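The next block holds one structure in the form of structure tokens; read it before the comments.
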Amino acid sequence: MFYGLLILSNLCRRRDSGGKTGYADIVKENKLFEHYYKEQGLVPEGEFEQFMDAMREPLPATIRITGYKSHAKEILHCLKEKYFKDIQELEIDGQMMEAPQALSWYPDEQAWHTNMSRKIIRKSPLLEKFHQFLVSETESGNISRQEAVSMIPPLLLKIEPHHKILDMCAAPGSKTAQLIEMLHADMDVPFPEGFVIANDVDNKRCYLLVHQAKRLNSPCIMVVNHDASCIPTLQIDSDGKKDILFYDRILCDVPCSGDGTMRKNIDVWKKWTTSNSLHLHGLQLRIAVRGVEQLAVGGRMVYSTCSLNPIEDEAVIAALLEKSEGALELADSSADLPGLKWMPGVTSWKLMTKDGQWFSDWSEVPSSRHTQIRPTMFPPKDAEKLAALHLERCMRILPHHQNTGGFFVAVLVKKAPMPWNKRYPKVLPHKHTHLTDDRYLYVLLDVVNGADFSLVGLSFEPAVPKGASVAQEASAKQEGMCGPPPSKKMRLFGYKEDPFVFLTEDDPVFNTIQSFYDLSGDFPKLNVLTRTHEGKKRHLYMVSKELRNVLLNNSERMKVINTGVKVWSRNSDGEEFGCAFRLAQEGIYTLQPYIRSRIIRVSVEDIKVLLTQENPFLSKLEDDAHAQAKKMGMGSIVLKYIPNANNPAEPQCPIQLCGWRGKTSIRAFVPRNERFHYLRMLGVEVFRDKQGLGQKRGDGEKEGKEQVEDEVEKDAEEEEGEGNVPLWVSLFATLPVH
């Protein structure tokens, strides 16, 4: 819904723009672009016309199934047997709709693409159900609509559940979602040892990132707001001592000119010039340098852009490898994604200014252009050193090879500490480092893209030139404020965030929660946090033990936007039912392994009743669930479905729902899109009734449950910004999915 409002807002702006050029009016021609890439020789001989034709075609629709959820197979089965079959051999506007195809290089048929453009999907009445399915399942976090080439970098990182991961330029978050999924490869482990710290420099885009991450309900994700080129070094407690946090995996998907996205971002056609890459190269290199500094020895960093330009691609990688003096090497990933077609990285390229002047070497550049053109933009001159870099191991994806966008990716492995971390040892004052007095830090005076930089207080800051004026020095300090600035200054950028306050083991809030839900002895109370220092705690969240370590040790270094998954919410009159806190659906899969009471085991038919009737009487449940419910007092409950391997016609994935046991009725409290999702898994077709006709009210009574429902809806509005969206739907029973 949030994305839908953004799209609607953009459309309204375009309508109101008067005579300004809209997307439909943009001519897909740019002679400078064609001339530039012909000269670079990146496209195989004889294929340039195919390349340009592909760039002018709309980008295919691509979807990815959330891989870590245990019902991924159920989603895949539903897609293949129901929706994909319905759209086979369908003709729209004279165009034949081919059956969607699995991406051959994506594991386990978890990603699919179709020749239907997004425009066709949205405008065809015959595809309305499929479109609603995509929207609903996307909001539920079960499907992601993501460009095919965007899926490549996380796969090449080779994530394992124990990895500490940094996503440096994460918004809007589709790749971040993949990283989270890979951490949760084993659904039986509620708290993997690893975590994802997702960063973005744009405060507003951080909230898009939060929206993406929230769909996956993970306790192992933290969203932070920093400039990636000087993202602060963090510390953690390790065996009772303070230690620096080095990441096992880093995704460095840097800002770029985006000429590989022309198929979907049509305005790039009219805006593209060669100066775009010249302006971005320095920033891209600084971000990459900061990334490898924070990478653990033995770790992997994937550098990627949606640009085809060597100035943003191979030039950055070559400069990074040269500066590393052997500490980094390009990994050979040629066998990692069988079925993916790609071109090897190039070892020679030229640079062109916006007025058409070409340069092949730094020595040719006049001094008047030295501020715009830097030495790192050119290939290394020494042939032997150039060969040793193995730039051919970089991967460039061309649009016409597999009907995708354009993309560049390189996998770097860190073999040793960066060379500047071995030079110029200097003990910095304790007030700068926040570390123990006996820890040695290293100061670097290195030249990156022609500017002096130094690791000051474990932050990457521009060094002030000797003889600089007071004004210049003040300006440099202001722009280079990359360590922890005073909290008031941090709040000048973006919104003031509520605090993250961890509960103690003896916090009174646990007294009734512990007894009401009979929490197991290994429940990690210290991982529970709230967002307020004072007053009543409205929501309780959980994070993993490792993220708690990061939060507690870096509160003055990081600007944290969001972390934790909601597990409990305060119920206004909850005390009369035995506990002031009801269960939250978002965190039920994280929390349920520790709950030993308040659980009702339900059948497929029970779930259908609970999700299609508003307040069903207890008697509407089948005998087994009815008997369990009668023995249970009023209040929050877990409704748990365990699959029966002997009955393959039923869903073969566990289902856990939050609910409420009333006096004579029972109810599931599940967000709208998740409700639709589970009904589809049970073979019930769900779509919105455009006439606005709603469901009939069930036969249960209006008791405390309705107040809880109001709170659920209010929470959803606060958390997702959806506003008062009508929940009217029509439900039509169909044959089972299997």
Side-chain angles (χ1 to χ4, degrees), residues 65-66 69-86 129-143 187 215 217 585-586 588-589 592 599-626 628-629 637-660 665-689 694-696 698-700 727-738:
I65 300 170
T66 300
K69 293 197 173 183
S70 56
H71 44 250
K73 290 182 179 178
E74 302 293 325
I75 290 274
L76 178 59
H77 187 90
C78 181
L79 277 170
K80 291 170 72 173
E81 298 302 318
K82 188 173 183 181
Y83 293 99
F84 289 169
K85 281 189 175 180
D86 287 349
K129 290 182 184 179
F130 181 50
H131 181 221
Q132 287 191 16
F133 169 83
L134 293 179
V135 171
S136 178
E137 294 296 330
T138 297
E139 287 294 319
S140 299
N142 301 302
I143 279 178
M187 275 292 286
R215 298 182 308 126
N217 300 327
Q585 182 66 29
E586 296 96 314
I588 191 62
Y589 287 93
Q592 195 278 322
I599 299 173
I600 297 177
R601 185 167 174 175
V602 293
S603 67
V604 167
E605 293 306 314
D606 291 331
I607 296 177
K608 287 181 181 179
V609 169
L610 290 163
L611 295 183
T612 57
Q613 297 185 27
E614 193 152 349
N615 289 319
F617 286 125
L618 296 178
S619 58
K620 291 292 184 73
L621 299 177
E622 294 190 334
D623 292 344
D624 185 22
H626 185 202
Q628 297 174 65
I637 56 174
V638 179
L639 300 161
K640 187 172 183 177
Y641 164 76
I642 299 175
N644 180 3
N646 296 322
N647 188 357
E650 294 181 346
Q652 293 301 298
C653 59
I655 297 174
Q656 298 177 38
L657 309 175
C658 291
W660 188 271
S665 68
I666 193 167
R667 181 171 188 140
F669 288 115
V670 181
R672 178 193 61 207
N673 289 312
E674 284 195 50
R675 183 181 294 253
F676 291 174
H677 162 70
Y678 288 121
L679 286 170
R680 289 189 188 98
M681 294 303 95
L682 301 177
V684 179
E685 186 176 349
V686 184
F687 63 91
R688 297 182 192 179
D689 185 347
Q695 305 174 70
K696 293 182 178 179
D699 48 16
L727 302 180
W728 310 129
V729 295
S730 294
L731 306 175
F732 291 89
T734 60
L735 294 174
V737 172
H738 291 272

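From a predicted model like this one, the values you see are computed outputs, not experimental measurements.
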Side chain to side chain contact (heavy atoms under 4.5 Å, CB included) against Leu76, all qualifying residues, sequence neighbours excluded: Ile65, Lys80, Glu109, Gln110, Trp112

Non-neighbouring partners of Asn647 that pass side-chain hydrogen bond (donor to acceptor under 3.5 Å, both in side chains), sequence neighbours left out: Glu650

Residue pair Arg215, Thr138: steps toward the side chain to side chain contact (heavy atoms under 4.5 Å, CB included) verdict: CA-CA 8 Å; Arg215 298 182 308 126; Thr138 297; 3.9 Å; yes

Least distance between heavy atoms, Val670 atom then Cys658 atom: CG2-O, 4.2 Å

Side chain to side chain contact (heavy atoms under 4.5 Å, CB included) evaluation trace for Phe130 with Leu79: CA-CA 9 Å; Phe130 181 50; Leu79 277 170; 4.1 Å; yes

Side chain proximity check, Leu611 to Leu657, heavy atoms < 4.5 angstrom: yes

Minimum side-chain heavy-atom gap Tyr589-Asn217 below 4.5 Å: no

Considering all heavy atoms, the nearest Arg680-Tyr83 contact: NE-OH, 3.7 Å

Side-chain (Arg601) to main-chain (Gln628) donor-acceptor, under 3.5 angstrom: no

Side chain to side chain, Leu682 and Pro651, heavy atoms closer than 4.5 Å: yes

With Gln585 via side-chain hydrogen bond (donor to acceptor under 3.5 Å, both in side chains) - residues at least two apart: none

Between CD on residue Glu137 and CD on residue Glu674, distance to nearest 0.5 Å: 9.5 Å

Ile607 side, atom CD1; Thr612 side, atom OG1 - distance, nearest 0.5 Å: 11.5 Å

Glu139 vs Phe676, side chain to side chain contact (heavy atoms under 4.5 Å, CB included): CA-CA, chis, key distance, verdict: CA-CA 11 Å; Glu139 287 294 319; Phe676 291 174; over 6 Å; no

Non-hydrogen atoms of Gln652 and Glu74 that approach each other most closely: N-OE2, 3.0 Å

Interatomic spacing from OG in Ser140 to CZ in Arg672 - rounded to 0.5 Å: 9.0 Å

Gap between atom CD of Glu605 and atom NZ of Lys608 - 0.5 Å precision: 4.5 Å

Test item: side-chain donor near acceptor, Asn142 and Thr66, under 3.5 Å: no

Nearest non-hydrogen partners of Leu618 and His626, listed with the distance: O-CD2, 3.4 Å

Test log, rule side chain to side chain contact (heavy atoms under 4.5 Å, CB included), inputs Ile666 and Leu639: CA-CA 10 Å; Ile666 193 167; Leu639 300 161; 4.1 Å; yes

Presence of salt bridge, Glu614 and Arg667, under 4.0 angstrom: yes

Heavy-atom closest contact (Ser603 atom, Glu622 atom, distance): OG-OE1, 2.9 Å

Heavy-atom side-chain contact between Pro643 and Cys653 under 4.5 Å: no

Spatial distance of atom OG (Ser136) from atom NE2 (His677) [nearest 0.5 Å]: 9.0 Å

